[in-house]
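Counting convention: from 1, in listed order, for ligands and their atoms alike.
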Amino acid sequence: MNLRITEIFLSIQGESSHAGRPCAFVRLTGCPMRCVWCDSVYTFTGGERKTFDEIFALLKEFGCNLVEVTGGDPLAQKNVFPFIALLCDEDFEVLIETGGYVSTEKVDERAKIILDVKCPASGESERNHWANLERLRADKDEVKFVIADLNDWEFAKEIIEKYDLEIRAKEILISPIFGIENLAEIAETVSRSGLKVRLNLQLHKYIWGKDTRGV
Ligand code: SF4
């Protein structure tokens with residue numbers, strides 16, 4: 001079996017409650033969404049087919065137990081589901097970063113899901129697969145709202161309440177888009193909210209810049 005891959009690299013996890021940990025990334029090609037602020041447009045096309053054996057050989061060279069399968073939207077390729085199961089069989093700690101359009105139902109239960117909920121400024125909020133929120137597991141899964149403005153923050157609050165996310169998810173990540181002008185205002189607003197959320201800044205972009213790939 002194989003997957004279409006944009007890049008595989010070793011870096012520091014830049015987001016989520018795992019931020020700062022060494023992590024191997026497997027970035028799959030393709031995404032059914034078109035978020036206005038997307039920072040990985042280069043994954044939409046191209047890529048290279050790699051067999052599972054080729055991918056595992058690279059991961060073993062890295063010697064890093066934490067692996068994130070990302071994209072694009074990794075769940076858009078059907079072969080990703082057996083690939084995730086194999087990663088779990090090999091005792092990798094597996095994170096799945098998904099855009100929230102594709103169902104998470106077939107993801108191996110040992111993997112940890114980081115589920116995006118698209119807010120209005122993304123232009124894709126109508127395409128969220130809401131049933132994914134009901135599958136979140138409080139001991140391992142995280143939910144992420146990328147926010148571009150305070151209207152997105154209001155939307156995030158509504159969804160947090162509607163789906164009981166403070167109980168249902170291990171972490172609620174509030175992730176302002178990189179370079180946003182009113183970051184301090186957003187941080188203050190989040191801090192006053194009384195909600196059990198985590199401000200999620202993209203560590204890798206502060207280290208290597210916003211356009212550097214493979215880091
Ligand atoms: S889901 Fe992710 S990869 Fe797809 S368009 Fe949105 S931000 Fe880009």
Side-chain angles (χ1 to χ4, degrees), residues 3-9 11 13-16 18-19 23-48 67-81 83-84 94-107 111-133 135-136 141-149 151-153 155-156 159 165 169 171-180 186 199-206 208-215:
L3 288 165
R4 184 165 285 280
I5 300 286
T6 294
E7 54 187 356
I8 300 177
F9 57 96
S11 185
Q13 175 59 250
E15 303 191 59
S16 79
H18 304 277
C23 183
F25 291 82
V26 180
R27 190 185 296 286
L28 273 61
T29 308
C31 183
M33 306 271 249
R34 290 293 180 267
C35 303
V36 170
W37 38 252
C38 180
D39 59 0
S40 44
V41 170
Y42 63 94
T43 66
F44 291 170
T45 55
E48 189 186 336
V67 175
E68 177 170 304
V69 183
T70 186
D73 193 327
L75 303 188
Q77 293 189 45
K78 68 179 187 328
N79 282 354
V80 79
F81 299 105
F83 176 68
I84 292 167
V94 183
L95 309 178
I96 310 298
E97 168 89 38
T98 174
Y101 174 69
V102 184
S103 171
T104 56
E105 202 173 3
K106 292 187 189 152
V107 175
K112 299 172 182 175
I113 292 174
I114 302 166
L115 175 72
D116 285 12
V117 175
K118 298 305 179 195
C119 296
S122 72
E124 292 286 40
S125 60
E126 299 294 320
R127 301 177 75 200
N128 288 305
H129 186 76
W130 297 111
N132 282 340
L133 291 174
R135 270 190 287 277
L136 290 167
D141 295 335
E142 309 190 13
V143 60
K144 180 170 87 174
F145 296 87
V146 176
I147 60 170
D149 52 35
N151 183 49
D152 279 354
W153 164 245
F155 176 85
I159 301 300
L165 295 182
E171 294 279 349
I172 302 170
L173 308 167
I174 304 297
S175 187
I177 57 171
F178 188 79
I180 196 168
I186 287 173
L199 190 69
N200 181 67
L201 302 179
Q202 295 170 298
L203 193 57
H204 51 294
K205 293 186 183 174
Y206 288 90
W208 289 288
K210 71 179 175 60
D211 295 323
T212 311
R213 293 190 201 175
V215 293

Where is the nearest protein heavy atom to atom 2 (Fe) of ligand 1: which residue, which atom, and how far?
K118 NZ, 4.0 Å
Return the minimal non-hydrogen interatomic distance between K144 and E15, and the atom names on each side.
NZ-OE1, 3.1 Å
Do S122 and R34 get their side chains close enough for a donor-acceptor pair, meaning under 3.5 Å?
no
Under 30°, 30 to 60°, or over 60°: which ring-plane class applies to Y206 and F178, parallel, tilted or perpendicular?
perpendicular
Return yes if a side-chain donor-acceptor contact under 3.5 Å exists between T29 and T6, otherwise no.
yes
Minimal heavy-atom distance between D73 and G99, with the atoms involved, is OD2-N, 3.0 Å
Run the numbers for me: atoms of ligand 1, each under 4.0 Å from some heavy atom of W37, listed by number.
7 (S)
For atom 4 (Fe) of ligand 1, which protein N/O/S atoms fall under 2.8 Å? Skip waters.
C31 SG
CA sep, side-chain torsions, deciding dist, call: R27, E68, salt bridge (charged side-chain N to carboxylate O under 4.0 Å, His left out)
CA-CA 8 Å; R27 190 185 296 286; E68 177 170 304; over 6 Å; no
Can you measure from CD1 (I114) to CD1 (I96) and round to the nearest 0.5 angstrom?
9.0 Å
